[in-house]
Amino acid sequence: MSAEPTHHVLILGGTTEARRLAEALSADPAYRVTTSLAGRVTSPVLPPGETRIGGFGGVTGLAAWTVAHDVTHVIDATHPFAERMSFNAWEAAALSGIPLLALRRPGWTPEPADDWTFADSLADAADRLPALGTRVFLTTGRMGLHTFAHLTDTWFLMRSVDPPAGPVPPHLEVLLARGPFTLSDERELLARHRIDVLVTKDSGGSATAPKLTAAREAGIPALVVRRPPVPDGVPEAGSVQAALTWLRTTA
Ligand code: NAP
């Protein structure tokens, strides 16, 4: 007879790290694991274990869900730019008393040959963009595309998993693709579209880093959007391994 799980981990997901963590935990009979997804992607790659899709209805909804489902640990493994959810998780943990960890991959750092300009937000990036180039590889996601819609003299290649909705720039080509991406593909993409500036969030991680290497090699500047603030005092792990260690040592 197999033993009942002694812990129920809720992973707030939407990232590669969230999926890797669910894979590791679902192989351990001590853990029941539920991954929560926002439901933004039409056909998400579902992790092993249980999944639930859609918002919780704010802080109180999240706190109530964790209590009702006997959650013992919450791991905020949302994307570094999913600002609202990280704050919701923090406030919900304060209400429920359930231990919370943030699993956040480290950001990228420029190398000497890089030509990076930093922006504080997508709107700031849109302001800075015309000074940097006119043929843009935009990788900041379809949700913020409207921020660039007023740039009528700029040509955009926008890569995203699902097609954009809402206002878009007039000169736009959409490339639907899901990472990881290889360096040779990124080199070819920049050359084929005669890209002269890359726009990216400081997402970190290896799955989408080759675009930065390709830009460096081609002498193309990158406009890098800085990460939003994170809630104070939430313990943080920079890797799936570190999150597993936290789980094993946090009652
Ligand atoms: P957000 O602004 O932080 O969150 C907005 C609302 O979406 C939250 O208040 C919550 O609704 C719901 N939500 C977000 N993440 C959720 C999750 N994992 N499970 C259930 N509900 C969730 O988030 P976002 O920037 O729109 O990102 C949405 C999701 O896409 C995140 O899970 C994130 O990991 C993933 N993602 C985001 C980016 C990005 O650049 N922002 C990039 C790649 C992947 P309620 O208040 O109703 O609970």
Side-chain angles (χ1 to χ4, degrees), residues 14-17 19 40-45 79-83 105-228:
T15 57
T16 308
E17 288 73 16
R19 210 164 50 245
R40 302 278 190 276
V41 176
T42 314
S43 310
V45 181
H79 191 271
F81 283 79
E83 184 178 2
R105 52 176 106 133
W108 290 315
T109 44
E111 296 194 4
D114 279 318
D115 176 7
W116 289 12
T117 298
F118 285 95
D120 289 329
S121 63
L122 285 180
D124 187 29
D127 286 346
R128 292 171 186 271
L129 192 50
L132 294 170
T134 56
R135 294 189 61 84
V136 179
F137 182 27
L138 187 67
T139 63
T140 46
R142 69 189 176 111
M143 294 296 182
L145 184 58
H146 60 91
T147 318
F148 299 88
H150 63 288
L151 297 178
T152 52
D153 294 333
T154 307
W155 181 88
F156 289 90
L157 174 68
M158 202 243 1
R159 182 168 66 193
S160 60
V161 177
D162 286 317
V168 301
H171 308 294
L172 172 72
E173 185 170 329
V174 176
L175 173 61
L176 298 181
R178 193 195 301 262
F181 303 104
T182 67
L183 179 56
S184 62
D185 285 348
E186 300 295 48
R187 282 184 186 128
E188 194 274 331
L189 197 90
L190 296 184
R192 177 157 45 94
H193 293 283
R194 295 179 288 113
I195 299 297
D196 59 13
V197 59
L198 163 71
V199 184
T200 179
K201 291 175 175 174
D202 179 14
S203 300
S206 57
T208 59
K211 64 189 170 190
L212 289 162
T213 309
R216 179 189 314 132
E217 288 177 358
I220 294 170
L223 183 50
V224 180
V225 182
R226 285 197 178 92
R227 292 180 173 197

Of all the heavy-atom pairs spanning [X] and [Y], show the shortest one and how long it is.
{"X": "P170", "Y": "L151", "result": "CD-O, 4.0 Å"}
{"X": "V197", "Y": "L132", "result": "CG2-CB, 4.0 Å"}
{"X": "A207", "Y": "P210", "result": "O-CD, 4.0 Å"}
{"X": "P164", "Y": "R142", "result": "CA-CB, 3.9 Å"}
{"X": "P44", "Y": "R178", "result": "CA-NH1, 4.1 Å"}
{"X": "T147", "Y": "A126", "result": "O-CB, 3.6 Å"}

Taking D196 first and then R135, would you say they form a salt bridge - that is, a charged N and a carboxylate O separated by under 4.0 Å?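 Salt bridge flag = no for R135 with D196.
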Does the distance from a Lys or Arg side-chain N to an Asp or Glu carboxylate O, for R226 and D202, drop under 4.0 Å?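 Salt bridge flag = no for D202 with R226.
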To the nearest 0.5 Å, what is the distance between [atom1] on [X] and [atom2] on [Y]?
{"X": "I195", "Y": "T134", "atom1": "CD1", "atom2": "OG1", "value": "9.5 Å"}
{"X": "L212", "Y": "E111", "atom1": "CG", "atom2": "CD", "value": "9.5 Å"}
{"X": "L223", "Y": "D127", "atom1": "CG", "atom2": "CG", "value": "10.0 Å"}
{"X": "K211", "Y": "T200", "atom1": "NZ", "atom2": "OG1", "value": "3.0 Å"}
{"X": "L129", "Y": "T117", "atom1": "CG", "atom2": "OG1", "value": "10.0 Å"}
{"X": "L138", "Y": "L175", "atom1": "CG", "atom2": "CG", "value": "12.0 Å"}

One pair to check against side-chain contact (heavy atoms from CB on, under 4.5 Å): T140 and F148. What are the steps and the verdict? CA-CA 11 Å; T140 46; F148 299 88; 4.1 Å; yes
Beyond-backbone contact of P180 with T208, side-chain heavy atoms, under 4.5 angstrom: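 No. Closest side-chain heavy atoms not under 4.5 Å.
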Using only atom types and a distance under 3.5 Å, with no angle test, would you say the side chain of [X] pairs donor to acceptor with the backbone of [Y]?
{"X": "R159", "Y": "F137", "answer": "no"}
{"X": "R105", "Y": "G204", "answer": "yes"}
{"X": "D124", "Y": "D120", "answer": "yes"}
{"X": "H171", "Y": "T152", "answer": "yes"}

Please lay out, stage by stage, how V224 and W108 fare under the test side-chain contact (heavy atoms from CB on, under 4.5 Å). CA-CA 10 Å; V224 180; W108 290 315; 5.6 Å; no
Report the relative orientation of the aromatic rings in H79 and F81; use parallel for angles under 30°, tilted for 30 to 60°, perpendicular for over 60°.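 Because their plane-to-plane angle lies in the 30° to 60° range, the rings of H79 and F81 count as tilted.
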Check the pair L190 / E217 against side-chain contact (heavy atoms from CB on, under 4.5 Å), numbers first and verdict last. CA-CA 11 Å; L190 296 184; E217 288 177 358; over 6 Å; no
For E186 and T213, run side-chain contact (heavy atoms from CB on, under 4.5 Å): C-alpha distance rounded to whole Å, both residues' side-chain angles, the deciding distance at 0.1 Å, then the answer. CA-CA 9 Å; E186 300 295 48; T213 309; over 6 Å; no
For atom CZ of R192, is the number of surrounding heavy atoms from other residues, nucleotides or ligands below 6.0 Å larger than 12?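 Yes, CZ of R192 has more than 12 neighbouring heavy atoms, counting only those of other groups under 6.0 Å.
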